[in-house]
Amino acid sequence: MSSSASTSAQEPTRRDFIYIMTGAVGAVGAGLYAWPLIDQMNPAADTKALSTIEVDMAGVEEGQQIIVKWQGKPVFIRHRTKKEIDEARAVDAASLRDPQTDDQRLVPDMNGNLQPQYLVMIGICTHLGCVPIGDGAGDYDGWFCPCHGSQYDSSGRIRKGPAPKNLPLPPYKYLSNTLIKIG
């Protein structure tokens, strides 16, 4: 009797099959139920379309600033004058609230060279999210936030007011000497 009892304990029974199939159907059902919940967290098609933009800066004259929209945010692209570049480079970075040199706020072109005449940054004040006024506004020939008086220099670094950080830089790279891809 012991030999027949041991063989029947090792063989799967109809009940074992039903348990396995019930578990498998339950797992597939849970996956099918969860997929729409997980998939809805992916970005919408219109958001994906705005994830990158290309901007040709060839038409931006020296001393001029253009504003483009990237992911719903204003991006300031300024063709700085020699005076603005010299002012930004003359500042001792250690004396700033958010220390960065002017060169640290630039991205190298495809040859590895900096193009200090082009400054690209997100135009949102780091205090409460207002859009600063440009074209040499404020005491530092840069940008002035009209909401609470933050002042940024010609490199977008915070110099005065309640803003805690410099104007942020978007992720961008040069595709040619005057064409950039943001995002």
Side-chain angles (χ1 to χ4, degrees), residues 41 43 46-183:
M41 290 185 236
D46 59 339
T47 304
K48 286 181 182 177
L50 295 174
S51 65
T52 63
I53 60 168
E54 290 183 8
V55 181
D56 188 4
M57 300 181 298
V60 183
E61 300 293 325
E62 186 174 314
Q64 182 186 13
Q65 172 180 299
I66 63 169
I67 301 173
V68 297
K69 220 172 193 183
W70 171 68
Q71 294 187 344
K73 301 172 193 163
V75 175
F76 297 163
I77 300 173
R78 182 158 183 86
H79 188 156
R80 300 188 297 176
T81 63
K82 180 159 178 25
K83 177 185 176 239
E84 290 172 328
I85 296 168
D86 291 342
E87 284 176 353
R89 288 188 169 168
V91 174
D92 178 22
S95 69
L96 299 173
R97 184 178 312 162
D98 185 9
Q100 279 185 315
T101 64
D102 186 54
D103 286 349
Q104 289 174 322
R105 298 192 47 80
L106 303 173
V107 171
D109 63 13
M110 57 284 162
N111 298 323
N113 302 318
L114 294 178
Q115 293 194 30
Q117 69 273 23
Y118 294 118
L119 180 64
V120 181
M121 58 192 174
I122 297 173
I124 297 177
C125 180
T126 57
H127 178 233
L128 289 177
C130 299
V131 177
I133 299 167
D135 293 327
D139 297 339
Y140 302 96
D141 293 332
W143 290 265
F144 172 76
C145 182
C147 297
H148 296 101
S150 292
Q151 296 188 32
Y152 300 90
D153 66 9
S154 59
S155 188
R157 300 173 295 198
I158 183 64
R159 299 294 298 276
K160 186 177 182 184
K165 299 268 183 195
N166 300 331
L167 291 175
L169 305 177
Y172 72 95
K173 66 180 178 180
Y174 282 88
L175 301 177
S176 73
N177 284 339
T178 58
L179 182 67
I180 61 169
K181 181 179 181 180
I182 302 173

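Note that the structure is a prediction, hence the values are computed from the model and not measured.
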Tell me the closest heavy-atom pair linking Leu119 and Gly156, and the distance in Å. CD2-N, 4.3 Å
Roughly how far, to the nearest 0.5 Å, is NZ of Lys181 from CG of Leu175? 7.0 Å
Worked check of side-chain contact (heavy atoms from CB on, under 4.5 Å) between Asn177 and Met57: CA-CA 9 Å; Asn177 284 339; Met57 300 181 298; over 6 Å; no
Which value, rounded to the nearest 0.5 Å, describes the distance between Thr81 atom OG1 and Glu61 atom CD? 13.5 Å
If you compare all heavy atoms of Pro170 against all heavy atoms of Trp70, which two are closest, and at what distance to 0.1 Å? CB-CZ3, 3.9 Å
Test side chain to side chain contact (heavy atoms under 4.5 Å, CB included) applied to Asn113 - qualifying residues, sequence neighbours left out: Asp109, Asn111
Roughly how far, to the nearest 0.5 Å, is CG of Leu106 from CZ of Arg80? 5.5 Å
Between Gln65 and Trp143, does the side-chain contact (heavy atoms from CB on, under 4.5 Å) criterion hold? Intermediate values first, please. CA-CA 11 Å; Gln65 172 180 299; Trp143 290 265; 2.9 Å; yes
Walk me through whether Val55 and Ile66 qualify under side-chain contact (heavy atoms from CB on, under 4.5 Å). CA-CA 10 Å; Val55 181; Ile66 63 169; 4.1 Å; yes
Check step by step if disulfide bond (SG atoms under 2.5 Å apart) holds for Cys147 and Cys130. CA-CA 7 Å; Cys147 297; Cys130 299; 2.0 Å; yes
Carboxylate-amine/guanidinium proximity below 4.0 Å for Arg157 and Asp102: no
Considering all heavy atoms, the nearest Gln151-Phe144 contact: CG-CD1, 3.6 Å
Under the criterion side-chain hydrogen bond (donor to acceptor under 3.5 Å, both in side chains), which of Arg89, Lys83, Lys82 is the partner of Asp86? Lys82
Plane angle bin for His148 and His127 - parallel if under 30°, tilted between 30 and 60°, otherwise perpendicular: perpendicular
Check Glu62, Gln64, Glu84, Gln117 against Arg78 for a side-chain hydrogen bond (donor to acceptor under 3.5 Å, both in side chains) and give me the one that passes. Glu84
Please round to the nearest 0.5 Å and tell me the distance separating atom OH of Tyr118 and atom OH of Tyr172. 11.5 Å
Output the distance between atom NZ (Lys173) and atom CD (Glu54), rounded to the nearest 0.5 Å. 9.5 Å
Nearest heavy-atom neighbours spanning Phe76 and Val131: CZ-CG1, 3.9 Å
For the CD1 atom of Ile67 and the NZ atom of Lys73, what is their distance to the nearest 0.5 Å? 15.5 Å
List, one per line, each side-chain donor-acceptor pair under 3.5 Å for residues 161-169, sequence neighbours excluded.
residue	atom	partner	partner atom	Å
Asn166	OD1	Ile158	N	2.9
Asn166	ND2	Asp98	O	3.0
Asn166	ND2	Asp98	OD2	3.4
Asn166	ND2	Gln100	OE1	2.9

Heavy-atom nearest pair, Pro146 first then Ile133, reads CG-CD1, 4.0 Å
Between Ser155 and Arg105, which heavy-atom pair has the shortest distance, and what is it? O-NE, 2.5 Å
Side-chain donor or acceptor of Arg159 paired with backbone N/O of Tyr140 under 3.5 Å: no
Let's go through Val120 and Val107 carefully: what are the C-alpha distance in whole Å and the side-chain angles of both, what is the deciding distance for side-chain contact (heavy atoms from CB on, under 4.5 Å) to 0.1 Å, and is it a yes or a no? CA-CA 9 Å; Val120 181; Val107 171; over 6 Å; no
